[in-house]
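Comments concern the structure below.
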Amino acid sequence: MCGLVGVVVNSEAGVCIYDALTVLQHRGQDAAGIMTCDNGKLNLRKDNGLVRDVFRTRHMRRLIGQMGIGHVRYPTAGSSSPALAQPFYVNSPYGLVLAHNGNLTNAAELTRELFNDDLRHINTDSDSEVLLNVFAHELQRLGKVAPKPEDVFKAVAGVHNRCRGGYAAVAMIADYGVVGFRDRNGIRPLVFGSRKTKNGTEYMIASESVALDSQGFELERDVAPGEAVYIDKDKKLHSRVCVEPGEFTPCIFEHVYFARPDSLMDSISVYKARLRMGEKLANKVSRLELAHDIDVVIPIPDTSRTAALELANTLGIKYREGFVKNRYIGRTFIMSGQSQRKKSVRQKLNAIELEFKGKNVLLVDDSIVRGTTCKQIIQMARDAGARKVYFASAAPAIRFPNVYGIDMPAASELIANGKTDEEVQEQIGADWLVYQDLADLIDSAREGNPQITKYECSVFDGEYVTGDVDEIYLKRLENDRNDSTKKQKKNSGFGKENNLLADLQD
């Protein structure tokens with residue numbers, strides 16, 4: 001999962017993008033990058049690390065120009081190295097830059113096509129570079145000296161016709177404009193907004209509406225499935241649905257975990273969706289007659305707070321903050337490597353003993369992925385004196401890998417894969433465990449926008465909406481992306497020498 005920003009403004013784009021990326025930091029803590037355009041000259045800074053660490057004053061002084069794009073990343077496809085930070089760049093045609101959120105399910109096939117048919121070389125193992133080169137080829141084959149909006153839309157249509165999977169992207173054509181587009185199923189999110197100034201209207205494209213809010217942009221709407229939104233250098237907005245969209249199936253896990261609660265996503269308040277998750281989960285706890293001896297409801301910070309609060313209110317049970325979070329530790333779910341996640345949990349959270357001692361405690365989390373974190377947290381609650389520790393997940397059991405840009409690729413690393421709820425309960429050490437029902441989770445989001453009839457729920461039900469994912473693909477993906485493979489790639493330093501822009505970072 002990654003965060004995207006693209007702007008065309010009257011002031012310095014670099015500063016605006018930097019501020020927006022800090023708001024989107026939750027979407028990726030592995031790397032960050034910004035590229036701006038000043039009268040046709042491209043200026044780049046990208047590296048591994050948090051936004052605040054990657055960009056210093058000396059870097060921001062170089063990021064001049066009134067248009068640009070930015071990216072925060074955590075690795076899904078590809079390894080993790082400074083050279084793989086985004087945006088990616090190709091000089092032909094025009095000078096083209098792209099940042100990407102998601103995953104192409106046919107990246108290997110496209111890489112072969114690009115080399116054999118399009119005569120384009122891919123430097124890294126990132127599908128984002130594949131997406132960039134497909135877009136570049138589709139633009140170049142039009143043969144235009146200066147691209148017009150309709151040329152950009154034709155090129156995006158070519159991308160959609162060749163690329164499969166879940167993806168949202170922002171791209172900048174040097175000295176011409178910024179374009180954002182979204183896959184034909186709308187799996188990955190993308191919005192755009194405008195800001196009125198005395199010098200005219202400015203525009204921003206971003207992964208979440210909260211990025212617009214932070215910079216004073218007014219949300220216009222979500223980018224539609226298969227649509228492209230293009231802002232030219234004169235700050236004129238153009239939009240077009242470039243291909244026939246498929247069934248609209250946005251990712252439900254955005255509402256469960258990834259998105260900030262103050263975002264609107266496909267016209268749905270993430271905050272209200274999480275409130276409804278808590279209410280429906282409370283109703284299930286009541287139906288199962290599990291609530292009779294719960295003394296206190298305690299969330300596992302941060303993303304479960306909203307659901308936990310509504311769960312407690314619905315059950316009429318005290319809600320307390322029982323864990324203090326160290327805000328200088330990253331999100332453990334998106335950390336690469338099981339050993340790193342295990343090490344980080346006790347550094348990240350500390351229990352307040354008085355909220356646990358002698359009590360029957362219901363812990364609430366947004367989801368259970370690998371089970372490493374919740375197992376340790378349950379033990380922390382017991383160490384703090386809890387008499388019994390119950391556990392509730394605001395999402396259903398995650399039993400299947402994700403192929404559309406969320407780092408859940410190896411089925412063998414998912415605690416619920418091939419296990420019953422009772423077996424998971426025993427493995428994490430809870431006195432009882434309850435999961436949200438999938439129908440209730442879907443309803444929690446749909447109540448905010450009834451026009452969306454289906455969601456991408458593959459991690460829960462194993463149904464892949466693009467129709468091109470089979471057991472062979474999943475097995476290859478698991479071999480490529482399990483923790484041991486990631487560790488091997490990290491130790492080998494793969495990718496560090498593979499990007500010609502690496503020497504331009506400082």
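Side chains included, hydrogens not; waters and symmetry mates left out as well; all remaining heavy atoms used.
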CA sep, side-chain torsions, deciding dist, call: V23, R260, side chain to side chain contact (heavy atoms under 4.5 Å, CB included): CA-CA 9 Å; V23 176; R260 275 184 39 155; 3.7 Å; yes

Side chains of [Y] and [X]: any donor to acceptor distance under 3.5 Å?
| X | Y | value |
| --- | --- | --- |
| T303 | D366 | yes |
| Q379 | D383 | yes |
| E456 | S458 | yes |

Checking the side chain of [X] only, and the main-chain atoms of [Y] only, is there a donor and an acceptor separated by less than 3.5 Å?
| X | Y | answer |
| --- | --- | --- |
| D127 | A107 | no |
| S304 | V364 | yes |
| Y74 | D407 | yes |
| K46 | A31 | no |
| R188 | N101 | no |
| D183 | G186 | yes |

Run the salt bridge (charged side-chain N to carboxylate O under 4.0 Å, His left out) test against [X] and tell me which residues pass, sequence neighbours left out.
| X | answer |
| --- | --- |
| R276 | E447 |
| K419 | none |
| K318 | none |
| K475 | none |

Summary of ring-ring contact (aromatic ring centres under 6.0 Å, His included) pairs that have at least one residue in residues 411-454, sequence neighbours excluded: Y390-W432

Any pair counted as ring-ring contact (aromatic ring centres under 6.0 Å, His included), so long as it reaches residues 270-301, sequence neighbours left out: none

Minimal non-hydrogen separation, F460 against P396, with atom names: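 In terms of heavy atoms, the two residues are closest at CE2-O, 3.4 Å.
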
Heavy-atom closest pair, residues Q25 and V51: OE1-N, 2.8 Å

Counterpart residues, ring pair (Phe, Tyr, Trp, His ring centres under 6.0 Å), relative to Y167 (two or more places apart):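 With sequence neighbours excluded, Y167 shows a ring pair (Phe, Tyr, Trp, His ring centres under 6.0 Å) to H160, given in chain and number order.
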
Contacts of type side-chain hydrogen bond (donor to acceptor under 3.5 Å, both in side chains), residue [X], not counting sequence neighbours:
| X | answer |
| --- | --- |
| D443 | none |
| S269 | none |
| R399 | D421 |
| D461 | none |

C16 side chain near M204 side chain, heavy-atom distance below 4.5 Å: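 The answer is yes, as the side chains (C-beta and beyond) meet within the 4.5 Å cut-off.
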
Where at least one partner belongs to residues 204-222, residue pairs that pass side-chain hydrogen bond (donor to acceptor under 3.5 Å, both in side chains), sequence neighbours excluded: H26-E208, R27-E208, S194-E220, E208-S263, R221-E227

Working for ring pair (Phe, Tyr, Trp, His ring centres under 6.0 Å), residues F253 and Y404: CA-CA 11 Å; F253 213 74; Y404 301 125; over 10 Å; no

Point-to-point distance, once rounded to the nearest 0.5 Å, from CZ of F400 to OH of Y464: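 It comes to 7.0 Å.
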
Separation between CE of M380 and CD1 of I300, rounded to the nearest 0.5 Å: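 One gets 9.5 Å once the value is rounded to the nearest 0.5 Å.
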
